[in-house]
Amino acid sequence: MSAAKPLRVMWLLNHSTLRQFEVQQLSSLGAVQIYTPKIFPYDEANLSASVTFALDESLSLSASDIALLNAQDWYGEPAPAAWDIANAHFDLVFIGFFPRQILSACRHFKGAIVLRIFGLGGEETYSSLIRQLGGAILQHAIRKVSKRFWFGMGYDHLSDCEVASIKERATYMPVGLNVESISDQWQGQDKVILFVCPRIASSTYYHRIYKNFKEAFDGLAYRIGGAQPIGFNDPNILGFVSPKRYAELMQQCRVMFYHSQEPNHIHYHPFEAIRAGLPLVFMACGMLDRMGGRSLPGRCQTLAEARRKIARILADDWDLIEQIRLSQTVLLDAMRAQHCEPAWHAGFARVVSGLQTWRSQQASRPQAKRRKRVAVILPTGYRGGSLRGALALAKALHAGSCQWGEDADVVFAHLDDPATYPDEAFAVLPDTISRRPFHWKMLSAAEALRAMRYAGWQNWEPSADRYIVPDDGMQQMIDCDLWLIVSDRLSYPVLPVKPLVLMVYDYLQRYEDLLSHGADTPFLAAARSAEKVMVTTEFTYRDALQYAGIDPRKVSKMPMLAPEFPIQLNAFSNAQEQDSFFTWTTNAAPQKNHRNAAEALQIYYEELDGKWDCKVTGVNTKELLTIPTPHLQAMAEVFERSQQLRLRVKWMGELPNAQYRRHVSQARFLWHAGRVDNGTFSVIEAACLSVPSLSSDYPAMQEINAQFSLNLAWMNPNSPRDMAEQLKRMESDALARRNNLPGEVLLRAQQSETLARLYWQEVRTCL
């Protein structure tokens, strides 16, 4: 915005008619270089979109920079390098009402952001739409850049129905149309009504408009334009037509009917008809009334009146035709460039002046940058592998932020329950990560609203009766910039005062009878409302889409992050044959397949003359035979009828980490008998101790096997016979499989330090 750096604008929209007018306006206001996107979503929101490369020639950017910009989907999440170019070269960005585009621009662009708004139907407002489509995340993003964010109104009254925060940031940049002169080429030889109605089969809104049109003008000839993504059985529907064919229709059709009575929104095609000289019959009480149409002969109070006028026009009432044609040009006055230029000049100047003021203020302030702080939250009393995985995640985020050069503080939060979480459970947590016990605090809708207002969320409204917040005894973790909750086990919505990310490891309830019908509804709702959901297997990724119904754009598949197990590849014990055993790691969860495992052990010992004892470890394993749940009672019944099982199976219980590793290192192999879950890290820990594993064959374990190069032995968890036979086979194969385990280089390549950068890269986009 100086002689050394001319004003540059990114106009990140693809509407063909709008672009033609607005690029001309921007150029006349001093925007000597304008960039437009080359990729747009091929969906129903972009039926009037197109691409042009013509403006690229004026850009004083390198060919490689332009190519990078052109390769981006500016409606989604462009690459960081593309935003770097945008920030280096452009001052303003114009965007449309696409939530992901708004969010990305707010997070990454350092100049002025102008959201073009053109009005909504019915009583809908932009403040409510932002809340509905983007939730607290989008509201927060807009609020963070509020001094650089503008609502660029296409019509000057659009802010009348909006909240104060939008009114304050609204600036008028009128919608226009290039109207050099009214065409005298109209002939009207085709005695039909031209009616524009897209998406008839795919939109209930437009289907209702089509139905009303058919009923009102039954018996009159018509043609319907507008793209139809899904075909509709009406020979008079033309669908999408080329610009040349559209011009021919404007020239030859006898009359156009425009149905809309919306007070805040209007389409382009009635103005294009007037420009072409085509008579326009339209309904009263809509936007055309505001633009000078109240006394025009083409205006109609009722559909019956519209039918009468159109019937006269089709019957060659040339007096009426000429009255309409000569009078309707007044509707173009508000669209003409010379009318729009003063408002554009004032609105644009306000945006540029605001940006200059903001930049001056930033330049005069000390640039002390506060470190970001991320809370990793365990929402319930997880132990064992779940706890170790959460700790590994916290360590990875801290390491990843350092690798990015964005050193962040990481807080590890867990329930305030010393019995479940003694201090020694966090021995692996480095001093650089703080630990906070907390409990969930329940808020009523009224309390939630008050809390959000105090936090600055003036437009937020509760949609549930109850909310929860993590109460750490200080500030409910408000000092953290993001809450990453490890699992979706949230019985109530979390108050969205901070961006929320979930790490979801599995949807076991889809496969196991773990929950009563509908009990997981709040869990699924939590995942759908989160800004991002991270998963670690393709298996869970598919469940997140198909079962949980999460927007695929929110779901990120990450590499599995195993705890940093000590690598002691020579720890294998040379125990005597009679002391040999394998270890079965399990817990009380139903998916651990206890009955089949017990029957497999019975076959192994009683029919196959199994040589090695089985030692059972894991949370609550000492009590498994006495816990009165159906699946464990079924296992206990197998033990009751088998003396061999009672003699050969030893219940070790939950062992401290060091003792557990010593125990596993002395085992011939590790046995994982579960039926389905997100996989177990115990097979990785065993490999770090030079101990092979025999595992149930299911998708998540296959993915663990591939990522960590474990060379697992497999068995069918649904067949006790096969499980027993594979146990027997391990007597001869275990030593060979030990020699095929991954070496130290492969194991270290999958440690959290190596994968940390990927995790921070994913989380930082939500900060």
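- Using a 4.0 Å cut-off between charged side-chain N and carboxylate O, Glu248 and Arg245 make a salt bridge.
- Phe348 is not listed as a side-chain neighbour of Gln25, based on a closest heavy-atom distance of 4.5 Å or more.
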- Query: Are Val497 and Met452 close enough, and set up right, to give a side-chain contact (heavy atoms from CB on, under 4.5 Å), and what steps lead you there?
  - Reply: CA-CA 7 Å; Val497 70; Met452 291 294 281; 4.0 Å; yes

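- Side-chain contact between Ile224 and Asn236: absent, with no pair of heavy atoms (C-beta onward) separated by less than 4.5 Å.
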- Message: Show, in sequence, the C-alpha distance, side-chain angles and deciding distance for Leu288 and Leu280, and conclude whether the side-chain contact (heavy atoms from CB on, under 4.5 Å) test is met.
- Response: CA-CA 11 Å; Leu288 289 175; Leu280 178 71; 4.2 Å; yes

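- Side-chain atoms of Arg307 come within 3.5 Å of backbone atoms of Asp218 as a donor-acceptor pair (strictly under, hydrogens ignored).
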- Can you list the steps and then say if Tyr35 with His89 is a ring pair (Phe, Tyr, Trp, His ring centres under 6.0 Å)? CA-CA 11 Å; Tyr35 174 79; His89 296 283; over 10 Å; no

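- Between Val351 and Ala112 the shortest heavy-atom distance is CG1-CB, 3.7 Å.
- Inter-residue side-chain proximity for Ile34 and Ser58 is flagged as unmet; no heavy-atom pair is nearer than 4.5 Å.
- When all heavy atoms are compared, the tightest approach of Cys253 to Leu278 is O-CD1, 3.0 Å.
- Arg19 and Ser50 share a donor-acceptor pair across their side chains, judged by distance under 3.5 Å alone.
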- Is there a ring pair (Phe, Tyr, Trp, His ring centres under 6.0 Å) between Tyr126 and Phe97 once you walk through the steps? CA-CA 9 Å; Tyr126 282 100; Phe97 201 93; 5.4 Å; yes

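- When side chains are defined from C-beta on, Arg528 does not count as touching Asp551, because their heavy atoms never get closer than 4.5 Å.
- When the options His108, Arg553, Gln101 are evaluated for a side-chain hydrogen bond (donor to acceptor under 3.5 Å, both in side chains) with Glu77, the one that passes is His108.
- Judged purely by distance below 3.5 Å, without hydrogens or angles, the side chains of Ser327 and Gln323 never pair a donor atom with an acceptor atom.
- Of the residues Phe118, Tyr268, Phe98, the one that meets the ring pair (Phe, Tyr, Trp, His ring centres under 6.0 Å) test with His15 is Tyr268.
- Counting heavy atoms from C-beta outward, Arg325 and Trp186 have side chains that approach closer than 4.5 Å.
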- Walk me through it: do His269 and Tyr258 pass the test ring pair (Phe, Tyr, Trp, His ring centres under 6.0 Å)? CA-CA 9 Å; His269 58 266; Tyr258 185 56; 5.3 Å; yes

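- Between Met256 and Pro270 the shortest heavy-atom distance is SD-CA, 4.0 Å.
- The shortest distance between side-chain heavy atoms of Val114 and Met173 falls below 4.5 Å.
- Counting only heavy atoms from C-beta outward, the side chains of Glu272 and Thr17 approach each other to under 4.5 Å.
- Within 6.0 Å of atom CD in Glu215, more than 12 heavy atoms from other residues, nucleotides or ligands are found, so the atom counts as buried in its surroundings.
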- Message: I'd like to know whether Phe195 forms a ring pair (Phe, Tyr, Trp, His ring centres under 6.0 Å) with Phe217, so could you lay out the CA-CA distance, the side-chain angles of the two residues, the decisive distance to 0.1 Å, and finally the verdict.
- Response: CA-CA 11 Å; Phe195 184 60; Phe217 300 100; 7.8 Å; no

- Steps toward side-chain contact (heavy atoms from CB on, under 4.5 Å) verdict (Gln72, Ile39): CA-CA 7 Å; Gln72 306 305 309; Ile39 297 172; over 6 Å; no

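- A 6.0 Å sphere centred on NZ of Lys147 holds no more than 12 heavy atoms belonging to other residues, nucleotides or ligands.
- Between the side chains of His267 and Glu262, not a single donor N or O lies within less than 3.5 Å of an accepting N or O.
- Contact between Lys38 and Asn70 at its shortest, heavy atoms only, is NZ-OD1, 3.0 Å.
- Counting only distance, with no hydrogens or angles, the side chain of His259 and the backbone of Met283 share no donor-acceptor pair below 3.5 Å.
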- Query: For Tyr222 and Asp234, what are the C-alpha separation, side-chain angles and deciding distance, and is it a side-chain contact (heavy atoms from CB on, under 4.5 Å)?
  - Reply: CA-CA 11 Å; Tyr222 65 90; Asp234 184 335; 2.7 Å; yes

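- The shortest distance between side-chain heavy atoms of Trp344 and Glu22 falls below 4.5 Å.
- His207 and Tyr210 have tilted rings, their planes meeting at an angle from 30° to 60° on a 0 to 90° scale.
- Under the ring pair (Phe, Tyr, Trp, His ring centres under 6.0 Å) test applied with Trp74, the options Phe94, Trp83, Phe40 reduce to a single match, Trp83.
- In this structure a side-chain-to-backbone donor-acceptor pair under 3.5 Å is missing from Ser353 to Ala349.
- With hydrogens and angles disregarded, a donor-acceptor distance shorter than 3.5 Å links the side chain of Ser529 to the backbone of Ala525.
- No donor-acceptor pair under 3.5 Å is formed between the side chain of Gln185 and the backbone N or O of Gly277.
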